[in-house]
Amino acid sequence: MHNYRNGYKMKALFVVTGRGIGGDAVTALNIARALDKYGVDCEFALDHSAPGLLLKKNNLSWYKTSIPQAGGHAATKKNLAKAAIKTSKAAFEAAKLIRKVHPQVVVGVIGGGAVVGCLGAKMASTPSVGILITPTDAKVCTKITTTVALPESNLFQMELNDKNIHKAYSPVDPSIIVGNKERALELLPPKFDETRPTILFSSGSTLFEKMALGASVLAKSGINANILVVGAPLEEEYREYLMEDNIMYLEYIDWIRDLYKVVDLAVLTDDGMMIQESIACQLPIIALLGVKYGRYHNLAEIFKGAVLESDLEDITQVTTHAFNKLDELKENALKYSEDVLNASDNIARVIYNKMRDENK
């Protein structure tokens, strides 16, 4: 990603938590695409162990630096103490990288990426912006720099007067709504029945056990629907849950925007990019609770009337309820769709303004 404004190239370095294949990397990439329109050259840093498949797929290279998990939503005090030691060492390594790359701004993306990126930038005397979703990144980053709280952050639903704390929906790629239904139909298994309603189960790029179980429970209920499941299994044995006749397991796919065009109802985790992609596509949503380490983000409150909640044991009942009010759920999703589609640009503007103000 290279752009120029008035002959002067400005550079942002994204320090990204995770493995470079899922939601954290998607968040970074979508913000970077929006920043590209402001004439900003975006580069990336991932943990040494990250395979970075999403960046590879987009023909992007990246720097390697230590980015330990910052503790996350469900961290214990012991885990947080261990993370703090690792994070301190990682921040020094990040500062060394920042001095070498010499960006005009560092964007620390989520959890460990936010903490390490923003602390490293502070040490390297470089402006930064933290993209926040966990209590730990909020606690650290809001004390030292400008931040953007995404809906999963505990800050998002608070009344705040701090001009350095911004709020935004997750930065979906606006092209998510431009899917090709015919392509999806070509790629789906032959047993896909267009005359039946279609339910998508997904916990993101990785399939967690509870999401696989949810699909299995619903399939065993005898519901008259195509049940699609996507994501690479966290453990191989989860595949056993997906052997029911009306489950079609699609593994990890890169044609999700096409798939959205055939889906009538999405069962997703109570977090992350996919809920907001589905809102942008005006899809009714059930948030299956407790899928990822017991986290709870209350996104049904943020997207009132567009997201229903369900525990695993209630998934059949809640799905039946959702099918009885699909039109109402779609109508409510429409109320949020435009703001969600504008989120990437809103975040890019915060970062660009920080660069411009700090580098006058």
Side-chain angles (χ1 to χ4, degrees), residues 18-19 21-27 30 53-54 57 133 151-152 170 172-173 176-177 179 181 183-184 187-189 192 197-219 223 225-236 238-239 241-244 246-293 295-297 299-300 303 306-312 315-316 318-319 322 329 333 340:
R19 299 163 64 203
I21 67 171
D24 300 332
V26 171
T27 296
N30 289 350
L53 297 179
L54 185 69
K57 182 176 172 291
I133 71 167
E152 295 89 346
S170 292
V172 305
D173 179 351
I176 196 69
I177 62 173
K181 182 177 180 179
R183 180 169 184 253
L187 292 168
L188 283 163
F192 179 82
T198 298
I199 305 168
L200 170 65
F201 277 77
S202 177
S203 47
S205 57
T206 301
L207 179 64
F208 283 76
E209 183 175 28
K210 208 166 193 178
M211 189 59 70
L213 276 168
S216 179
V217 168
L218 193 61
I223 193 168
N226 300 301
I227 298 176
L228 309 179
V229 181
V230 303
L234 190 61
E235 303 289 345
E236 284 301 310
Y238 300 168
R239 295 176 185 276
Y241 302 134
L242 307 174
M243 304 303 284
E244 304 298 323
N246 56 337
I247 291 180
M248 282 157 267
Y249 182 33
L250 307 178
E251 307 274 347
Y252 176 81
I253 64 170
D254 61 2
W255 44 282
I256 190 70
R257 70 180 187 177
D258 301 318
L259 189 64
Y260 284 140
K261 292 298 182 182
V262 303
V263 172
D264 297 293
L265 176 69
V267 181
L268 308 169
T269 54
D270 177 48
D271 71 339
M273 189 66 72
M274 285 193 77
I275 275 198
Q276 283 157 94
E277 286 180 350
S278 298
I279 290 285
C281 295
Q282 298 163 36
L283 279 176
I285 298 163
I286 295 173
L288 186 60
L289 303 180
V291 173
K292 295 183 178 178
Y293 317 114
R295 298 175 189 170
Y296 180 61
H297 300 294
L299 292 194
F303 298 110
V307 178
L308 302 177
E309 292 183 341
S310 179
D311 291 307
L312 178 60
I315 190 62
T316 301
V318 175
T319 300
L329 290 165
V340 169

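Count residues from 1 along the sequence. The shown structure was predicted, so the numbers you read here are calculated from the model rather than taken from an experiment.
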How about I223 and I199: do any of their side-chain heavy atoms sit closer than 4.5 Å?
yes
Considering non-hydrogen atoms only, spot the tightest contact between F303 and V340 and give its length.
CE2-CG2, 4.1 Å
Backbone N/O of L299 and side chain of D270: donor-acceptor pair under 3.5 Å
yes
Going by side chain to side chain contact (heavy atoms under 4.5 Å, CB included), name the residues that satisfy it together with L187, two or more places apart in sequence or in a different chain.
R183, W255
Do the non-hydrogen side-chain atoms of T316 and V217 ever get within less than 4.5 Å of each other?
yes
Using side-chain contact (heavy atoms from CB on, under 4.5 Å), reason through V172 and V26 one step at a time and then give a plain yes or no.
CA-CA 8 Å; V172 305; V26 171; over 6 Å; no
My understanding is that only residues two or more places apart in sequence, or in another chain, count here; which of them pass side-chain hydrogen bond (donor to acceptor under 3.5 Å, both in side chains) with R257?
S175
If you round to the nearest 0.5 Å, how far is CG of L289 from CG of D311?
5.0 Å
What residues, two or more places apart in sequence or in another chain, satisfy side-chain hydrogen bond (donor to acceptor under 3.5 Å, both in side chains) together with T269?
D271
State which residues pass salt bridge (charged side-chain N to carboxylate O under 4.0 Å, His left out) with E251; sequence neighbours excluded, sorted by chain then number.
R239
Just grab all the ring pair (Phe, Tyr, Trp, His ring centres under 6.0 Å) pairs involving residues 197-217, residues at least two apart or on different chains.
F208-Y293
With sequence neighbours left out, write down each residue that passes side chain to side chain contact (heavy atoms under 4.5 Å, CB included) with K210, or none if nothing qualifies.
V291, L312
Using side-chain heavy atoms (C-beta onward) and a distance below 4.5 Å, is V229 in contact with L250?
no
Do T206 and R19 come within less than 4.5 Å of each other through their side chains, counting heavy atoms only?
yes
Between I315 and G214 the two heavy atoms that sit nearest each other are CG2-O, 4.1 Å
Pairwise side-chain contact, L268 with V307, heavy-atom cut-off 4.5 Å (strictly under)
no
Could you pull out all residues at least two apart from Y241 that satisfy side-chain hydrogen bond (donor to acceptor under 3.5 Å, both in side chains)?
E209
CG on D254 to CG on L54, rounded to 0.5 Å:
10.0 Å
S202 versus M211, closest heavy-atom pair with distance
O-CE, 3.3 Å
Exercise: identify the closest heavy-atom pair between L207 and Y238
O-CD1, 3.5 Å
Only distances under 3.5 Å count here; give the side-chain donor-acceptor pairs of residues 274-288 to other protein atoms, sequence neighbours excluded, each with its distance to 0.1 Å.
| from | atom 1 | to | atom 2 | distance (Å) |
| --- | --- | --- | --- | --- |
| Q276 | OE1 | S170 | N | 2.6 |
| Q276 | OE1 | S170 | OG | 3.4 |
| Q276 | NE2 | S170 | OG | 3.0 |
| Q276 | NE2 | G272 | O | 3.4 |
| E277 | OE1 | Y260 | OH | 2.7 |
| S278 | OG | M274 | O | 2.9 |

Results of side chain to side chain contact (heavy atoms under 4.5 Å, CB included) for K181 - residues two or more places apart only
L185, E194, K261, V262
Kindly determine whether L200 and L265 satisfy side-chain contact (heavy atoms from CB on, under 4.5 Å), including the steps that lead there.
CA-CA 6 Å; L200 170 65; L265 176 69; over 6 Å; no
Which residues share a side chain to side chain contact (heavy atoms under 4.5 Å, CB included) with E244, sequence neighbours left out
S216, A219, K220, N246, I247
Value for CD1 (I227) from CG (L218), rounded to nearest 0.5 Å, stands at 4.0 Å
T198: partners by side-chain hydrogen bond (donor to acceptor under 3.5 Å, both in side chains), with sequence neighbours left out
N226
